[in-house]
Amino acid sequence: MRVVVCVKHVPIMSQLRFDPETKRLVRDGVRGEASAFDVRALVAAVALRAKHGGEVVALTMGPPAARESLEHCLALGADRGVHVGDPALAGSDTLATARALAAAIRAEAPDLVLVGRSSVDAETGQVGPETAELLGWAQATVVRRLELDPVARTFEAERETDDGFELVTGALPVLISVAEDIAEERFPNKVERQAAAEKPIAGRSLADLGLAPNQVGAEGSPTWVAQLEEVAVTRAGDILEGGDVAELAARLRERLHALGALTPAPPREPLPARTPGNAPPVWVVVESHAVAVRPVTFELLTKAALLATALGAPVEAVVIGPGAAHAAALAAAGADRILVADHEALDPYTTDAHAEILATAIRTRRPRLVLLGSTVRGRDLAPRVAARLGLGLTGDAIDLELDPEGNVRAMKPAFGGTVVAPILSRTIPDMATVRPGLLHAAGPDPSRRAEIVRLDAGTPASRVRVAASTPLPAGTDADLDEAPIVLGVGKGVGGPTALPAICALAARIGGAVAATREVTDAGWLPRQLQIGLTGRAVAPRLYVGLGVGGTLEHMVGLRRAGTIVGVNKSPKAPIRKAADVTVVADVLELLPHLESALRP
């Protein structure tokens with residue numbers, strides 16, 4: 001059993017700084033390290049080798065300094081390393097990177113490839129699915145438990161979804177992107193580091209891999225980055241302390257009123273008045289769950305309508321699988337035409353079946369722009385389709401706009417949200433996944449009607465089968481993407497016994513509950529509710545961090561929140577530097593008085 005683990009060498013984010021004059025990140029003197037998610041994949045691979053035998057190969061692509069990450073992996077138990085390094089690789093986007101990695105993986109002929117769910121610098125999670133597509137392998141993303149049967153050459157994986165968990169099965173070889181829960185993070189000791197010095201690291205050039213320079217680097221990349229823009233968010237930084245908790249709650253309410261945080265959201269703007277033109281259409285790939293369309297679909301339809309107005313194009317909603325029953329809602333939200341591919345094999349969702357439908361439709365109908373939500377499904381599907389068609393893809397965008405020449409600029413946050421990179425594509429259609437909750441859906445127009453067009457679904461097939469699905473526990477499935485108020489739970493609440501009161505408070509004020517990574521690592525709340533660098537980004541009108549320390553990794557998921565409140569008994573907690581208001585108090589003592597402070 002041979003397992004290849006792809007490891008990215010990333011800069012240590014806390015050491016990066018932005019030069020406002022050159023509009024570039026200053027990397028001089030910045031050390032690098034193996035991306036934390038990839039390290040967990042490596043630890044999981046070593047555990048699989050202990051169980052089934054074989055070898056673990058750590059693979060990286062990058063400059064000479066990337067060798068340090070391979071040495072770290074060898075110390076953690078990898079048998080050998082492979083370093084793909086060539087000057088022509090500089091400037092590679094995700095698809096060009098996937099080409100190089102796929103070529104190196106083919107040369108190793110592994111049974112299994114593991115990658116982290118995303119890298120901690122770019123945060124897109126695109127390279128794994130794009131590599132799987134170029135290899136012609138099946139994939140399973142965001143996997144938290146993995147079992148192999150080397151004799152039958154099959155795998156069984158439990159993966160995270162936006163709604164809960166899925167158990168999927170399939171045949172080897174397969175590429176798996178892993179979630180944090182796949183393995184405990186650990187660091188090598190002195191003896192392991194010394195032993196790693198005796199393990200081999202092989203270098204590979206483009207010539208060794210049979211690749212031409214124009215297949216990688218800037219020349220082989222379908223996307224390119226315009227001038228970086230710094231993200232500067234200034235918060236009021238008020239501190240409320242002293243007095244009893246009832247008095248603190250009253251003072252908090254006064255301050256929130258002054259900040260406008262308790263003012264009801266204004267009515268949604270209507271859709272732009274427009275006449276659909278004849279230019280290539282703007283597509284929104286519809287995503288639904290249970291019996292409803294996900295809110296991100298309506299956000300994307302509004303953005304699509306705005307872009308289509310400028311492009312002189314119609315808006316088309318693409319429904320793959322069940323969902324035609326939502327045609328009226330999609331039309332009211334801005335769709336001029338609804339393309340429906342329905343077949344019993346399309347429900348539940350599988351990557352292979354949905355990718356084949358979407359890729360075929362794009363080839364046939366040639367849209368100008370294809371938008372998907374940056375959900376677990378969107379991040380699983382979009383890279384696969386982009387790699388199949390050789391298209392540029394921007395993952396996890398926070399907005400889209402047109403430049404004066406009519407080119408689509410997708411605004412992509414990176415390096416923990418400290419900068420935004422406008423990304424443009426050299427290929428048509430442009431493709432982007434967009435973070436839920438960061439765009440605003442227009443008010444629906446019930447008078448709108450849309451033409452329904454049936455797409456040929458053929459006979460969809462998938463190499464991965466969904467064996468079982470488990471929804472999130474009752475009471476934890478409130479939609480964070482559209483909640484006006486979010487109560488964040490940190491370890492400072494003391495323990496899971498505090499959760500019933502917090503969840504009840506959220507329900508009474510029309511809010512939702514979220515968590516820090518420490519809380520989800522401890523199993524107090526599901527991983528799907530985690531906010532931050534390793535979780536999701538949200539943009540509520542009001543966020544209240546209860547016992548939240550306020551680390552950078554958590555707060556980057558709140559950069560677009562309207563007002564941030566921290567409740568922490570330590571006046572020196574880091575959240576005080578990132579919040580509009582910090583209440584210095586014991587969370588459990590303040591909690592019974594918070595409803596009066598937060599209710600609109």
(request) Would you please test Asp79 and Arg49 for salt bridge (Lys or Arg N to Asp or Glu O under 4.0 Å) and show each step? (result) CA-CA 10 Å; Asp79 297 290; Arg49 182 193 60 200; 3.0 Å; yes

(message) In the structure I gave you, are the side-chain heavy atoms of Leu558 and Val538 within less than 4.5 Å of one another anywhere?
(response) yes

(request) Please name the residue in the list Val285, Thr433, Val318 that meets the side-chain contact (heavy atoms from CB on, under 4.5 Å) test with Val370. (result) Val285

(request) Verify whether one side chain among Thr520 and Gln530 offers a donor that lies under 3.5 Å from an acceptor in the other. (result) yes

(message) Using side-chain heavy atoms (C-beta onward) and a distance below 4.5 Å, is Leu209 in contact with Val84?
(response) yes

(message) Other residues, nucleotides and ligands only: do more than 12 of their heavy atoms fall within 6.0 Å of CZ on Arg366?
(response) no

(message) Can you pull out every salt bridge (Lys or Arg N to Asp or Glu O under 4.0 Å) where at least one residue sits in residues 368-378? Sequence neighbours excluded, please.
(response) Arg368-Asp430

(request) Could you check if a side-chain atom of Trp137 sits within less than 4.5 angstrom of a side-chain atom of Ile105, using non-hydrogen atoms only? (result) yes

(message) Under a 3.5 Å distance rule, please check whether His52 uses its side chain to pair with a backbone N or O of Ala47 as donor and acceptor.
(response) no

(message) Under the criterion side-chain contact (heavy atoms from CB on, under 4.5 Å), I'd like the reasoning laid out for Leu400 against Lys303: C-alpha separation, chi angles, the key distance, then a yes or no.
(response) CA-CA 8 Å; Leu400 299 109; Lys303 175 56 67 171; 4.2 Å; yes

(request) Mind checking the OG1-CG spacing from Thr360 to Leu389? Nearest 0.5 Å is all I need. (result) 8.5 Å

(message) Using 0.5 Å steps for rounding, measure from the CG atom of Leu42 to the CZ atom of Arg186.
(response) 9.0 Å

(message) Tell me every residue that passes salt bridge (Lys or Arg N to Asp or Glu O under 4.0 Å) with Arg379, counting only those two or more places apart in sequence or in another chain.
(response) Asp396

(message) Looking at Arg80 and Glu108, is any side-chain nitrogen of the basic one under 4.0 Å from a carboxylate oxygen of the acidic one?
(response) yes

(request) Sorted by first residue and then second, give each ring pair (Phe, Tyr, Trp, His ring centres under 6.0 Å) pair with at least one member in residues 185-218; sequence neighbours left out. (result) none

(request) Could you note down all residue pairs passing salt bridge (Lys or Arg N to Asp or Glu O under 4.0 Å) where residues 198-217 supplies at least one of them, sequence neighbours left out? (result) none

(request) Please determine which of Leu148, Thr169, Asp149 meets the side-chain contact (heavy atoms from CB on, under 4.5 Å) test together with Phe155. (result) Leu148

(request) Any chance you could measure Ile362, atom CD1, to Leu391, atom CG, to the nearest 0.5 Å? (result) 6.5 Å

Indicate every side-chain donor-acceptor pair of residues 110-117 with a distance under 3.5 Å to a residue at least two apart or in another chain.
residue	atom	partner	partner atom	Å
Asp111	OD1	Arg153	NH1	2.8
Asp111	OD1	Arg153	NH2	3.3
Asp111	OD2	Arg2	N	2.8
Arg117	NH1	Glu180	OE1	2.9

(message) Between Thr223 and Ser221, is there a side-chain donor-acceptor contact under 3.5 Å, judged purely by atom types and distance?
(response) no

(message) For the backbone of Arg465 and the side chain of Ser462, can you confirm whether one donor and one acceptor N or O come within less than 3.5 Å of each other?
(response) no

(message) Whether the side chain of Lys8 engages the backbone of Ala34 through a donor-acceptor N/O pair (distance < 3.5 Å, no angle test) should be reported.
(response) no

(message) Nearest 0.5 angstrom please: Ile428 CD1 to Leu369 CG, how far?
(response) 9.0 Å

(request) Please determine if Arg463 and Asp352 form a salt bridge, counting it only when a charged side-chain N lies under 4.0 Å from a carboxylate O. (result) yes

(message) Keeping Ser35 on the side-chain end and Val10 on the backbone end, is there a donor-acceptor pair under 3.5 Å?
(response) no

(message) Salt bridge or not between Arg31 and Glu68? Use side-chain N to carboxylate O under 4.0 Å.
(response) no

(message) Would you say that Ile320 contacts Leu358 through its side chain, given a criterion of any heavy-atom pair below 4.5 Å between the two side chains?
(response) yes

(message) Regarding Arg67 and Glu71, does a basic nitrogen lie under 4.0 Å from an acidic carboxylate oxygen?
(response) yes

(request) Tell me, please, which residues at least two apart from Ala514 pass side-chain contact (heavy atoms from CB on, under 4.5 Å). (result) Leu480, Val486, Ile531

(request) Test Val385 against Met431 for side-chain contact (heavy atoms from CB on, under 4.5 Å), laying out the working first. (result) CA-CA 10 Å; Val385 172; Met431 289 188 69; 4.3 Å; yes

(request) Could you grab the distance from atom CG of Leu70 to atom NE2 of His9, nearest 0.5 Å is fine? (result) 9.5 Å

(request) With sequence neighbours left out, write down each residue that passes salt bridge (Lys or Arg N to Asp or Glu O under 4.0 Å) with Asp93, or none if nothing qualifies. (result) none

(request) Nearest 0.5 Å please: distance from the CD1 atom of Ile182 over to the OG atom of Ser177. (result) 9.5 Å

(message) Checking His354 now: which residues fulfil ring pair (Phe, Tyr, Trp, His ring centres under 6.0 Å) with it, not counting sequence neighbours?
(response) Tyr349

Distance-only check: which donor-acceptor pairs under 3.5 Å involve side-chain atoms of residues 125-134, not counting sequence neighbours?
residue	atom	partner	partner atom	Å
Gln126	OE1	Gly395	N	2.7
Gln126	NE2	Thr94	OG1	2.8
Gln126	NE2	Leu393	O	3.4
Glu130	OE1	Thr94	OG1	3.0
Glu130	OE1	Leu95	N	3.3
Thr131	OG1	Val127	O	2.7
Glu133	OE1	Arg384	NE	2.6
Glu133	OE1	Arg384	NH2	3.3
Glu133	OE1	Arg388	NE	3.4
Glu133	OE1	Arg388	NH2	3.1
Glu133	OE2	Arg388	NE	3.1

(message) Glu185: which residues meet the salt bridge (Lys or Arg N to Asp or Glu O under 4.0 Å) condition with it, sequence neighbours left out?
(response) Arg40

(message) Evaluate Thr97 against Met61 for side-chain contact (heavy atoms from CB on, under 4.5 Å), listing each step before the verdict.
(response) CA-CA 8 Å; Thr97 298; Met61 177 190 118; 3.6 Å; yes

(message) Once salt bridge (Lys or Arg N to Asp or Glu O under 4.0 Å) is applied, do any residues pair with Arg560, and if so which ones, sequence neighbours excluded?
(response) none

(message) Holding to side-chain hydrogen bond (donor to acceptor under 3.5 Å, both in side chains), I want the full list of residues that pass it with Gln215, two or more places apart in sequence or in another chain.
(response) none

(request) Please lay out, stage by stage, how Glu147 and Lys51 fare under the test salt bridge (Lys or Arg N to Asp or Glu O under 4.0 Å). (result) CA-CA 10 Å; Glu147 299 290 341; Lys51 185 175 183 179; 2.9 Å; yes

(request) Decide side-chain contact (heavy atoms from CB on, under 4.5 Å) for Arg517 and Arg527; before the verdict, give the C-alpha distance in whole Å, the side-chain angles of both, and the deciding distance to 0.1 Å. (result) CA-CA 8 Å; Arg517 178 173 172 174; Arg527 187 74 67 180; 4.1 Å; yes

(message) Are Ser425 and Val408 packed together at the side-chain level, in the sense that at least one heavy-atom pair is separated by less than 4.5 angstrom?
(response) no

(message) Given the ring of Phe165, does Arg159 sit roughly above its face, with NZ or CZ under 6.0 Å from the centre of the six-membered ring and within 45° of the axis?
(response) no

(request) Apply salt bridge (Lys or Arg N to Asp or Glu O under 4.0 Å) to the pair Arg294 and Asp481, showing each step before the final yes or no. (result) CA-CA 10 Å; Arg294 286 196 183 280; Asp481 299 330; over 6 Å; no

